[in-house]
Amino acid sequence: MSEITYDYMEDYIRGLIPDRSGILKEIEDFARENKVPVVQKETGVFLEFMCSMKKPKRILELGTAIGFSSILMYQASGTEPEIVTIERDEKMIELANSNLKRFNLDHKIKIEEGDCLEILEKSDEPFDLIFMDAGKGHYNHFLPHCLRLLNQDGVIVADNVLFRGMVASPELVKRRKITIVKRMRTYLELVTQDENLITSVIPMGDGIAVTKRR
Ligand SMILES: C[S@@+](CC[C@H](N)C(=O)[O-])C[C@H]1O[C@@H](n2cnc3c(N)ncnc32)[C@H](O)[C@@H]1O
């Protein structure tokens, strides 16, 4: 049960998505087999859709894992974008670097090693698209920095915003997840209530929020 949408709907929509092939499929299969939390199938396609529409020249990603979504975004943008992606787990960084090399993308996709918030605080280069996919309990803390770094027409795509349904339903909330859930609700309130922003919350995958300036 995803607790975000009906299982039959999710299965149907996933069934429509063609399997990936080649190295990307190998990376995706490795992630699923080794429980590396990469984007769900439909979220991956959504991200590709956004990149193909927006044609970003510079992308910031919070949460590299093994580089799967970075590679998807690079390929879908069609602009040979520069991608900066932040990751703090050494093992993930090692695997991501070797995956980027397999695509010859290690010079286009730069992994910033460390904590997202610390790196965001020190960053000042602008981005056309920001993908938030790390530190679910800190999206509300990342937001001011992401808005500061976002170009006038830029877009923020935030994954996991409904967090297994817990964000929308008190009955689903597990005790040890209360802080993450409260902070994620704060994030969603901030991006939906700010009159300078327009945000669409989509019950897809684990919940996606897409935000841009009005
Ligand atoms: C959901 S995974 C990213 C998946 C990746 N975007 C993909 O779909 O291919 C989240 C990653 O963020 C990393 N992470 C979590 N909190 C972080 C933080 N505060 N700073 C840096 N990395 C963090 C984790 O180690 C994990 O590898």
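Because the structure is predicted, anything quoted here is derived from the model rather than measured. Read the numbers this way: they start at 1 and go in the same order the structure lists the ligands and their atoms.
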Legend entry - For Met92, the ligand 1 atoms whose distance to one of its heavy atoms is below 4.0 Å: 27 (O)
Inset, instruction - Under 4.0 Å from a heavy atom of Cys116: give me the atoms of ligand 1 that qualify, with their elements. - result: 18 (C), 19 (N), 20 (N), 21 (C)
Inset, instruction - If you have a sec, work out which protein heavy atom is nearest atom 19 (N) of ligand 1 and how many Å separate them, to one decimal? - result: Asp115 OD1, 2.9 Å
Inset, instruction - Return the residue, atom name and 0.1 Å-rounded distance of the protein heavy atom closest to atom 14 (N) of ligand 1. - result: Ala134 CB, 3.7 Å
Legend entry - Winner among Glu112, Arg88, His138 once heavy atoms are compared against atom 23 (C) of ligand 1: Arg88
Legend entry - Identity and separation of the nearest protein heavy atom to atom 7 (C) of ligand 1: Ser69 OG, 2.9 Å
Legend entry - ligand 1 contact on Val36 by region, counting heavy-atom pairs under 4.0 Å: neither
Inset, instruction - Number the atoms of ligand 1 from 1 as they appear, then name those within less than 4.0 Å of a heavy atom of Phe68, with their elements. - result: 9 (O)
Legend entry - atom 2 (S) of ligand 1: the protein heavy-atom neighbour that sits closest, reported with distance to 0.1 Å: Pro37 O, 3.3 Å
Inset, instruction - Can you pull out the closest protein heavy atom to atom 27 (O) of ligand 1? Residue, atom name and distance to 0.1 Å, please. - result: Glu87 OE1, 2.7 Å
Inset, instruction - Find all atoms of ligand 1 within a distance of less than 4.0 Å from any non-hydrogen atom belonging to Gly135, and give their numbers and elements. - result: 15 (C), 16 (N)
Inset, instruction - Say whether Phe131, considering both its backbone and side-chain N or O atoms, lies within less than 3.5 Å of an N or O atom on ligand 1. - result: no
Inset, instruction - Kindly identify the option in Asp133, Leu47, Val38 whose heavy atom sits closest to atom 10 (C) of ligand 1. - result: Asp133
Legend entry - Expected output: side-chain Arg183 to main-chain Gly137 donor-acceptor under 3.5 Å: yes
Inset, instruction - Under 4.0 Å from a heavy atom of Glu61: give me the atoms of ligand 1 that qualify, with their elements. - result: 6 (N)
Legend entry - Leu62 to ligand 1, any heavy atom closer than 4.0 Å: no
Legend entry - Protein contact of atom 21 (C) of ligand 1 - nearest heavy atom, named by residue and atom, plus distance: Gly114 O, 3.2 Å
Inset, instruction - Please answer: with hydrophobic residues joined when any side-chain heavy atoms are less than 4.5 Å apart, are Tyr139 and Leu150 in the same cluster? - result: yes
Legend entry - Val39 N/O under 3.5 Å from ligand 1 N/O: yes
